[in-house]
Amino acid sequence: MYPRPLLLACVLVALLAAVPLFFVVGYTISVGWSEAWRLLVRPRVGELLVNTTELVAGGMASSAVLGTAAAWLVERTDLPGRRVWHVLLAAPLAVPAFVVSFGWVSLTSAAQGYPGALLIVTLAYYPLVYLPVGAALRGLDPALEESARSLGLGPWRTFARVVLPQLRPALLGGALLVGLHLLAEFGALQMLRFPTFTTAIYDQYRSSFNSAAANMLAGVLVLYCGVLVVAELGLRGRHRYARLGPGSSRPAVPARLGWFAVPALAGLGAVVLLALGIPLASIVRWLVVGTSTAFPAADLATATVTAAGLGLAGALTTVVLALPVAWLAVRHPGRIGTLLERSTYTANALPGIVVALALVTVSLRVLPAVYQTTALLIAAYSIMFLPRATVALRAAVAQAPPVLDDVARALGLRPARVWWRVTLPLIAPGVGAGAILVFLAVVTELTATLLLSPTGTRTLATEFWSNTNDIDYGAAAPYAGLMVLLSAPATFLLTRSARRGP
Amino acid sequence: MGRVGRALAVLVTAGLVGGLSACGGDDGPTLTLYNAQHRDLMEVLLDAFTEETGIKVEMRSGGDAELANQLVQEGDSSPADVFATENSPAMTLVERAGGFSPLDRATLDQVPDQYVPSSGAWTGFAARSTVFIYNREQVTEDELPASITDLSGPQWQGRVGVAAGGADFQAIVSAVLAVEGEDATADWLAGLKRNAKIYDNNIAALRAVNAGEVPAAVIYHYYWYQDQAESGEISRNVDLHYFKNQDAGAFLSVSGVGVVAASDHQPEAQRLVSFLTSEAGQRALVDSGALEYPVSGQVTANPALPPLADLDAPDIDISTLNGPRVIELMRQADLL
Amino acid sequence: MTALTVSQVTKSFGATTALAGVDLQVPDGTVTAVLGPSGCGKTTLLRLVAGFGDPDGGTIDFGGERVFGPGRSLPAQRRRVGYVPQEGALFPHADVTANIGFGLPRADRRAGRRAAELLDLVGLDASLAHRFPHQLSGGQQQRVALARALAPRPSLVLLDEPFSSLDAALRLSTARAVVEALRINRTTALLVTHDQNEALSLADQAAVMSAGRIVQAGPPQEIYRAPASPVVAAFVGAAVFVPAVVTGRTASCDLGELAVRTGSVEGAARLLVRPEQIRVDGAADGGGAAAEEDARDGGQAGVAALVTAVSYFGHDATVQLRLDGSGRTVTARVPGNRLPEPGARVRVAVDGPVTAFTAA
């Protein structure tokens with residue numbers, strides 16, 4: 001049933017992805033119960049639990065509301081300029097959360113604390129809901145809504161009882177992604193002085209490198225993530241959401257907004273202004289007026305090339321590792337495939353700092369030759385961002401049904417030629433999308449890069465962070481700007497492919 | 001896809017070219033410095049070193065405690081040749097783990113005894129004084145605390161900022177521990193947990209005091225002097241208060257440097273430490289504008305700074321400052 | 001000459017037996033339809049012939065060449081069969097010309113002449129040459145899929161339910177165009193379908209499959225008129241079963257004395273009567289004494305019956321009849337222009353010989 005080399009490859013990938021998790025769990029066990037209890041059951045951990053929960057719950061809820069409302073306005077109404085709005089609303093993906101944070105904090109310290117943190121993470125992460133919900137709305141058969149209307153439901157009740165349940169997988173999936181990102185978010189929250197588990201782990205790391213305390217907190221974080229994932233699976237339910245029956249679906253007739261178009265435009269304008277305008281204006285302001293702005297062109301160029309190179313290497317490696325896993329899950333569905341695929345998600349729970357610390361220890365003990373090499377850094381990126389690539393590749397492999405392989409073989413093609421002439425062209429867009437997602441993540445990755453990169457490596461993110469830490473906003477601004485510039489084309493390609501849909 | 005493909009190809013080429021050019025031109029050993037000191041300052045010092053000796057140095061930056069613990073964990077596999085810190089507890093931590101090679105006698109002779117541990121495993125190369133800063137609109141002179149231990153009192157509730165996660169403040173706590181003992185320190189930290197606003201680092205704390213977010217904070221002196229020398233943008237409303245009287249709060253922290261035992265380039269590493277403590281190195285330190293105190297008797301500090309003798313620091317043996325114990329106490333106080 | 005010979009092919013998936021010893025011969029240049037309900041194993045058979053899997057036992061020969069047998073299994077890409085799967089499965093990343101040329105050598109692909117030829121052969125307009133699959137209707141996609149399969153001039157084409165996803169009107173015209181193209185090319189074809197109309201109207205030979213076996217193979221007319229079993233009979237068309245007693249070439253039953261096709265059945269039997277064989281005469285109308293007299297008469301004039309329901313289809317209609325003598329209900333198919341009213345009294349007779357099976 002399962003081809004052996006494929007299975008072997010998947011098992012190896014899953015094992016690699018599980019290294020940090022094994023490490024955290026192993027560490028917890030080796031610390032022993034009483035010490036673990038002493039480190040975990042204390043007011044500080046309670047405080048962090050409350051903070052983290054407030055932020056995750058608030059951030060997921062507000063991103064869900066904002067993302068869904070924006071998607072509905074763009075996809076299903078006669079709002080003027082919908083194409084432009086689509087690009088503008090997806091554009092914050094190109095602005096990393098810590099740059100949004102930078103934009104606000106360098107303007108006013110009022111952004112610090114919970115309200116500021118909630119606002120900023122919402123502005124940074126709502127596109128993770130907006131994009132999938134928008135895609136789901138595009139794929140939704142308008143006949144469903146028409147049936148509901150003819151059964152006597154008003155527009156609001158139609159939305160609540162027919163549209164919303166159909167959007168559930170996309171909405172929950174997007175919100176889960178927001179939650180997982182928030183659990184692992186470091187830079188933005190550290191700048192906002194809002195301590196969560198991840199920032200606390202970083203503080204522990206700063207004061208004692210790889211300590212029991214840090215690993216205990218990481219263990220709590222893993223459990224937290226497990227709860228989120230299970231809750232999402234539970235809420236998603238077992239319904240079928242696909243359109244039933246033959247025939248192609250008609251495009252929906254857009255809802256007429258009438259006078260409501262004015263507040264809708266104002267609202268979307270405000271979102272774009274806050275999420276995109278403020279950070280970008282802040283970067284430009286610091287570039288222009290910052291007293292400490294020197295323009296070290298050579299340093300900037302080096303950091304840009306390094307970031308892009310690492311992003312590229314990370315993206316290629318991760319996609320190559322994700323391919324067998326996605327292939328097995330789609331082409332050989334079953335318990336083993338699902339298990340292997342899911343096990344690559346475990347690293348998603350862990351912030352970069354935890355993955356990096358685990359790899360430091362493991363590499364020093366097992367393979368000192370790779371310690372502080374680019375290879376180990378790329379491995380860390382792969383572990384951290386494998387889920388993004390797997391999700392994209394799953395969809396891609398599903399675009400290449402096995403019947404096409406059969407046809408091609410019947411036409412006389414050898415298996416290798418089938419792969420080259422049929423499979424590859426079909427999965428290429430999905431592979432590209434997965435690679436772009438990983439590239440975006442690597443370019444803005446901070447903590448693992450700091451810890452694992454070869455001595456002397458400077459990326460846009462590390463230089464930005466170092467300057468921001470010294471409150472040298474003027475010097476940080478060009479790095480922030482370059483990160484946005486480097487991410488923008490990739491993000492644009494991503495929104496276009498999301499718009500075209502499968 | 002075609003367009004993406006082309007973009008990727010361009011990036012790959014750029015990455016390869018960048019990577020290759022980074023590899024090229026290898027002549028003589030390049031030292032690896034694990035550096036917890038300010039990067040700007042260290043860059044100036046290293047440039048001077050390279051100019052004098054032709055030896056190149058790569059820097060890996062981080063905090064005191066993280067790099068110290070990293071060195072210990074790396075052990076014999078450590079790629080580091082030299083380790084430099086902002087504060088001495090991290091040096092002591094590495095020393096106790098046997099992570100340093102003994103320094104050349106000639107190097108140790110360049111530095112007064114008070115800045116060198118009795119073992120001679122490492123040496124101080126710069127010093128900084130603890131200082132109480134306050135917003136002059138929000139704190140009157142008669143409110144100023146006589147001792148750093150007063151900051152746990154109710155009058156300072158919500159009115160004092162500290163960078164609890166940073167090595168600087170942790171070194172100050174280690175001085176309190178050395179001067180006041182463990183019980184008093186634990187009580188004091190519990191008071192701080194109630195009173196203090198936590199900042200990421202000293203600059204953030206200084207900025208917050210200047211902006212009136214918090215009336216006062218405990219930091220090192222040079223952050224204020226540096227900003228005054230540049231623009232005053234984040235210290236305009238801030239005045240300094242030295243505790244003096246051999247109070248724990250008058251603690252003079254020593255930045256240390258030592259040769260890593262695992263280093264494959266011992267002679268070159270010894271030369272770097274020797275340079276940093278030499279007259280030339282100390283002069284470069286003073287001229288760098290970092291406004292830290294030199295440790296060499298042959299070089300005088302920047303005239304803008306108060307003479308060290310006036311600060312009346314407590315007499316603490318730097319090799320006794322206990323970093324890990326401080327972390328543990330701060331964890332128990334829920335400050336970490 | 002036989003293009004394809006399948007003998008004693010077996011295949012199981014785990015505990016499920018898909019093929020339990022299949023024997024099938026497909027003569028050169030003909031279209032053979034494998035007809036059966038879903039799950040009978042017909043698609044499995046097709047895939048094994050194509051080489052997408054190996055049988056557990058048996059042999060498969062193409063003309064004189066053994067492609068599967070003990071110690072031999074030619075891989076799919078070297079069997080050179082044309083394969084037209086359900087819903088066409090055109091390559092979505094290639095336009096019509098590229099799809100058709102997919103299996104050709106690079107030089108021929110470039111020239112594009114063969115693609116134009118085939119487009120013409122399957123009855124598609126040349127203007128479609130550079131459309132992409134999603135820009136084609138379902139019927140057009142199927143024709144392109146056939147053109148793609150025919151392009152490398154395979155000796156055998158396999159079609160897997162090729163028309164099942166099309167709607168009724170399109171199905172007929174597409175199927176005709178496809179078979180036309182196959183005949184012009186003198187290509188041997190094996191078509192798998194669950195639709196008896198498709199099988200009977202398109203194929204030169206029909207093979208009925210049930211539970212992993214071919215239960216009957218032959219010309220469509222023979223399968224329809226003289227099915228080998230009641231199961232085959234019911235599967236290939238509407239059937240009326242009537243108990244009877246057979247004596248020699250005559251069967252006596254509720255529908256009167258009927259002529260029986262040659263067979264070995266003697267004594268108690270089940271008769272197969274096709275609904276279109278039942279003739280309905282309106283002469284019995286009125287219910288007068290003369291009519292009843294006639295009805296009791298029987299003979300050539302048939303038996304009397306009551307029309308209980310009529311379903312009208314335009315070109316024809318089905319009429320539900322209750323036979324006077326036994327009260328048995330039978331269904332007749334009559335031309336649409338000669339319809340009795342429900343409640344009318346009629347006379348019923350049977351045209352042509354019927355088939356007798358031994359009573360169960």
In terms of heavy-atom proximity below 4.5 Å to chain C, should A/Ala408 be classed as side chain, backbone, both, or neither?
both

Verify the neighbour count for atom CZ of C/Arg153: are there more than 12 heavy atoms of other residues, nucleotides or ligands below 6.0 Å?
no

What's the shortest heavy-atom distance between A/Leu413 and C/Phe102, and which atoms?
CD2-CE2, 3.4 Å

Please report the shortest heavy-atom distance between C/Leu90 and A/Leu404, naming the atom on each side.
O-CD2, 3.7 Å

Part of C/Arg47 within contact of chain A (heavy atom distance under 4.5 Å)
side chain

Select, from C/Ala50, C/Gly82, C/Pro92, the one with the greatest count of heavy-atom pairs under 4.5 Å involving chain A.
C/Pro92

From CG (A/Asp406) to CG (C/Leu158), nearest 0.5 Å
11.5 Å

Return the minimal non-hydrogen interatomic distance between A/Arg409 and C/Gly51, and the atom names on each side.
NH2-O, 3.9 Å

Examine distances only and state if a side-chain atom of C/His93 and a backbone atom of A/Arg421 form a donor-acceptor pair shorter than 3.5 Å.
yes

Is the number of heavy atoms from other residues, nucleotides or ligands within 6.0 Å of CD (C/Glu180) greater than 12?
no

Distance, nearest 0.5 Å, that separates CG of A/Leu411 from CD of C/Gln77:
11.5 Å

Proximity breakdown for A/Arg417 and chain C, heavy-atom pairs closer than 4.5 Å:
side chain

Can you tell me if C/Arg72 has over 12 outside heavy atoms packed within less than 6.0 Å of its CZ?
yes

Of the non-hydrogen atoms in C/Pro85 and A/Val403, which two are nearest, and what is the gap between them?
CB-CG2, 3.5 Å

Chain A contact via C/Arg79 - which portion, at a heavy-atom distance below 4.5 Å
neither

